[in-house]
Visitor: 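Sharing a structure with you now.
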Amino acid sequence: MPSLQSVISCLSDYDPSALPVEQANRIIAEVIEPVSGIEQVAIRAALDRVLAEDVVSPIDVPAHDNSAMDGYAFASAALQAADGGAVTLRVIGTALAGDAHGLTPATGEAVRIMTGAVMPAGCDTVIPQEFTQAVPEAEDTVRFAADAVRAGDNRRLRGEDLALGKPALKRGRVLQPADLGLLASLGIAEVKVRRRLRVAFFSTGDELRSIGEPLDAGCVYDSNRYTLHGMLRRLHVELIDMGVVRDDPAALEAALRSACENADAVITSGGVSVGEADYTKQIMAELGDVTFWKIAMRPGRPMAFGRIASNGHQALLFGLPGNPVAVMVTFYHFVRAALHRMMGADIAPPPLMRVRSAQAIRKKPGRTEYQRGVLARGADGQWEVRVTGQQGSGVLRSMSEADCFIVLGHEQGGVAAGDPVEVMLFEGLL
Ligand code: AMP
Ligand code: MG
């Protein structure tokens with residue numbers, strides 16, 4: 001793994017006191033490597049797990065050409081022979097799904113066929129039942145207009161879903177419901193997945209009280225540990241909740257060491273802002289390779305990032321800000337992708353959608369802003385977004401009420417009402 005210092009020293013325009021979001025993410029990505037460790041699990045237990053190796057299809061799905069409709073299978077040469085008129089075929093038997101019928105119609109013949117039944121030898125086309133007429137004077141005969149169907153219609157080809165020998169699912173895939181079904185369609189009972197990531201987290205601050213404790217004057221309940229719990233649960237990692245740690249160097253060092261010895265990644269909140277950072281900085285630096293950033297973003301400016309070590313164990317460290325909204329914003333815009341990378345998950349960045357801003361938004365170029373927004377249709381039926389009231393980094397209600405981030409890019413200035421802005425939906429992110 002490259003050291004943080006070596007990655008940073010390669011950057012010509014590195015400024016830790018005004019680091020653009022994109023550059024911070026590039027540094028984080030370069031320092032991280034996936035953890036090793038693979039488990040074999042039954043496919044039901046593999047939901048949301050990360051595939052550790054490609055799954056190569058051991059069979060063709062479907063295994064045979066088969067019918068996509070209930071109707072009559074025939075050779076399309078009959079269409080040309082009819083020359084735009086009616087096609088009349090003698091029905092020699094019925095093909096049911098799951099039936100190795102072995103029927104082989106000759107010229108002028110057809111097979112009555114059900115959806116999913118194997119296409120009879122020599123047949124390439126199915127005329128759906130509803131386009132056919134019985135022929136009164138001739139039993140076991142079917143008639144239809146030649147232009148009601150084209151050669152090859154209503155036939156599913158062998159291997160068209162999954163072809164034998166081709167990768168059906170790629171390493172790094174986070175398995176979704178469709179993937180479980182796809183694995184089942186291949187007859188695969190178990191897959192190799194990466195072991196779950198272990199993530200330890202704690203809050204720092206003498207003013208923090210845990211639920212159930214009296215709220216002394218000047219104190220607040222610790223909410224960050226709960227939002228972190230929720231956000232981490234969505235990533236399907238193993239959680240190690242280490243509670244509240246006092247603003248005390250010895251307590252902080254003990255907590256960091258314990259977290260490092262038991263987890264792959266450690267997330268702290270609070271204690272990295274100016275005025276508080278001094279001893280935090282010193283302890284984190286003593287334990288490893290950590291830098292302190294002021295990121296050119298709002299909310300979420302201060303952040304510590306690096307790798308710490310204790311008694312032969314290593315862990316990645318994210319020292320997030322203390323303000324409740326800043327914790328969530330920095331988690332979604334830095335930590336989430338970093339943890340995906342550590343788990344070996346191949347996940348594209350969440351898409352940004354362009355919608356109209358329903359109101360003017362003040363913004364200065366030179367930092368990225370993540371305002372909290374709510375989407376709704378405007379009077380003309382087009383989607384538009386509006387900010388969720390007060391945007392202070394301590395106003396957690398702004399996150400709770402929102403359904404998207406309004407992402408105002410680094411270079412962007414103010415937004416006028418009616419201007420397009422980019423939004424990132426919470427759905428899929430949370
Ligand atoms: P800090 O970064 O430690 O200076 O904290 C910044 C602000 O966030 C202060 O107002 C803290 O009281 C608040 N804060 C820090 N940690 C938490 C927490 N776990 N839950 C709620 N608020 C917090
Ligand atoms: Mg604090």
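Order of listing sets the numbers, starting from 1, for every ligand and every atom in it. Quick caveat: nothing in here was measured; it's all calculated off a predicted structure.
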Visitor: With side-chain hydrogen bond (donor to acceptor under 3.5 Å, both in side chains) as the test, would you mind laying out the steps for Thr115 and Asp70 before giving the verdict?
Guide: CA-CA 5 Å; Thr115 304; Asp70 291 345; 2.9 Å; yes
Visitor: Is a donor on one side and an acceptor on the other found under 3.5 Å between the side chain of Gln391 and the backbone of Gly389?
Guide: yes
Visitor: For atom 1 (P) of ligand 1, find the nearest protein heavy atom and state the residue, atom name and distance (0.1 Å precision).
Guide: Glu276 OE1, 3.1 Å
Visitor: What orientation do Trp293 and Phe305 show, parallel under 30°, tilted 30 to 60°, or perpendicular over 60°?
Guide: parallel
Visitor: Considering heavy atoms of the protein only, find what lies nearest to atom 9 (C) of ligand 1 and give residue, atom and distance to 0.1 Å.
Guide: Glu207 OE2, 4.1 Å
Visitor: Distance to 0.1 Å, residue and atom name: give those for the protein heavy atom nearest to atom 21 (C) of ligand 1.
Guide: Ser223 OG, 3.4 Å
Visitor: Nearest 0.5 Å, what's the NZ-CD distance between Lys192 and Glu53?
Guide: 4.5 Å
Visitor: Write out the residue and atom name of the closest protein heavy atom to atom 22 (N) of ligand 1, then the distance separating them to 0.1 Å.
Guide: Pro324 CG, 3.8 Å
Visitor: To check your reading of the model: name the closest protein heavy atom to atom 19 (N) of ligand 1, its residue, and the distance in Å.
Guide: Asp222 OD1, 2.7 Å
Visitor: Can you tell which part of Ser203 has a heavy atom less than 4.0 Å from ligand 1: side chain, backbone, both or neither?
Guide: side chain
Visitor: Quick one: which ligand 1 atoms are inside 4.0 Å of a heavy atom on Gly271?
Guide: 1 (P), 2 (O), 3 (O)
Visitor: Decide whether Ser203 and Asn224 meet the rule of one side-chain donor and one side-chain acceptor closer than 3.5 Å.
Guide: no
Visitor: Give me the residue, atom name and distance of the protein heavy atom closest to atom 18 (C) of ligand 1.
Guide: Asn224 ND2, 3.1 Å
Visitor: Please state which part of Val244 comes within less than 4.0 Å of ligand 1, counting heavy atoms only: side chain, backbone, both or neither.
Guide: neither
Visitor: If you apply the rule side chain to side chain contact (heavy atoms under 4.5 Å, CB included), what do you find for Leu186 with Val61, and how did you get there?
Guide: CA-CA 7 Å; Leu186 296 174; Val61 178; 3.6 Å; yes
Visitor: Passes side-chain hydrogen bond (donor to acceptor under 3.5 Å, both in side chains), Glu261 versus Ser310? Steps please.
Guide: CA-CA 6 Å; Glu261 288 166 27; Ser310 180; 2.5 Å; yes
Visitor: Minimum distance, heavy atoms only, to atom 6 (C) of ligand 1: which one of Asp206, Leu396, Asn323 is it?
Guide: Asn323
Visitor: Under a 4.0 angstrom heavy-atom cut-off, which atoms of ligand 1 come close to Tyr221?
Guide: 20 (N), 21 (C)
Visitor: If we only count N/O pairs under 3.5 Å, is Gly322 in contact with ligand 1?
Guide: yes
Visitor: Measure up the Phe144 and Phe74 rings against each other and bin them: parallel (under 30°), tilted (30 to 60°), perpendicular (over 60°).
Guide: tilted
Visitor: Select one of side chain, backbone, both or neither to describe which atoms of Arg225 lie under 4.0 Å from any atom of ligand 1, heavy atoms only.
Guide: neither
Visitor: How many angstroms lie between atom CZ of Arg155 and atom SG of Cys123, to the nearest 0.5 angstrom?
Guide: 10.0 Å
Visitor: Under a heavy-atom criterion of less than 4.0 Å, does Ser273 contact ligand 1?
Guide: yes
